[in-house]
Amino acid sequence: MQPLIITCAGVGAEVTRAQQPALPLTASEIALDAAECRAAGASIYHLHVRDGVGNPTMNVDVYDATLKAIRDASDVIVQFSSGGAVTDKEEVRIAPLELRPEMASLTTGTVNFGSEVFWNPPALIERFYGHMRELGILPEFEIFEPGMIANAQRVYDETAESHHMHFDFVLGVPGAMPAWDDSVAFLAQHTPAEATWSATGIGRSHLAVTKVAIDLGGHVRTGFEDVIYFERGRLADSNAQLIDRVASIGRAAGREIATPDQARNLLGL
Ligand code: KMH
Ligand code: ZN
């Protein structure tokens, strides 16, 4: 099996410090978090940023400062969010890509998201995908529903240029695909054979999804965007604590933990 790529989604757009006191918010806090997560076994940092009062923002200057701070602190692969928050409009979501991170997330379909709608119509997907490829950014296809795999394949097939395809299954968002026992296996079975994939379970399903993904030879995402508890009734102390647990489960299952350079190699970066 491949070395295990662990992605830290350490900030997110929805969780607050009132819910998770260890949530990193500023550029320096996020850079320190990324370095700690790297030391614990993370090779990718999925990046959302926050404004001066801790609200989610897609401000290019804030992304720029945070990207620089992370790069100064660690060799982790930085993956920008192009999803932002559900209230962010298309123009705002695409803007930070001009900073050319190595990777960016790309959700390939519209989906209910709690009581809101995460809006990703076909024209937006094509535009974001084309822009990422022009800038040399590898998309990570975020899969909240099975049809999104087909949408990712379609947008990939419509471009002349080939590249490695990497998927992330996000299971258990209220309104989207639940983390059923067979959800990860089902989605993995329908991704292209040469692609790589990771999985994350939102909230209570998190540990079960982690274990299944590792056993099936996939990769794993964790962090406060997806889960704030370490176990029932006990908040995680840090993102690094969550990464460390995934790395331990991976090692116990016989998986080597990928360094960022090993992950770059697996992802064709
Ligand atoms: N915050 C969600 C609405 C992504 O980063 O690309 C979207 C999200 C996905 O987190
Ligand atoms: Zn995200």
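Here the structure is a predicted model, which is why all the values come from computation and not from measurement. Atoms within each ligand, like the ligands themselves, are counted from 1 in listed order. Here, residue 1 is the first one in the sequence, and each next residue gets the next number.
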_Over 60° means perpendicular and under 30° means parallel, so tell me whether Trp197 and Phe169 are parallel, tilted or perpendicular._
parallel
*Examine Arg245 relative to Phe230 and say whether NZ or CZ is less than 6.0 Å from the centre of the six-membered ring and inside a 45° cone about the ring axis.*
yes
*Arg251 side chain to Arg255 main-chain N or O, any donor-acceptor pair under 3.5 Å?*
no
Give me the residue, atom name and distance of the protein heavy atom closest to [atom].
atom	result
atom 7 (C) of ligand 1	Phe118 CZ, 3.5 Å
atom 5 (O) of ligand 1	Ser81 OG, 2.7 Å
atom 6 (O) of ligand 1	Ser105 OG, 2.6 Å
atom 8 (C) of ligand 1	Glu225 OE2, 4.0 Å

Which atoms of ligand 1 are found less than 4.0 Å from any heavy atom of [X]?
X	result
Glu14	1 (N), 2 (C), 3 (C)
Gly83	4 (C), 6 (O)
His48	5 (O), 10 (O)

State plainly whether the residues [X] and [Y] are in salt-bridge range, i.e. N to O under 4.0 Å.
X	Y	value
Asp72	Lys68	no
Arg50	Glu29	no
Asp157	Arg154	no

*Strictly under 4.0 Å, does any heavy atom of Glu116 approach an atom of ligand 1?*
no
_Residue pair Thr222 / His206, side-chain donor-acceptor N/O under 3.5 Å_ = yes
*Indicate whether any N or O donor in one side chain lies under 3.5 Å from an N or O acceptor in the other, for Thr107 and Asn120.*
no
*Can you name the N/O/S atom of His46 that is nearest the Zn ion (ligand 2)?*
NE2
*asked:* Looking only at N, O or S atoms, which one in Glu225 sits nearest to the Zn ion (ligand 2)?
replied: OE2
*Kindly identify the option in Gly84, Ala85, Gly12 whose heavy atom sits closest to atom 1 (N) of ligand 1.*
Gly84
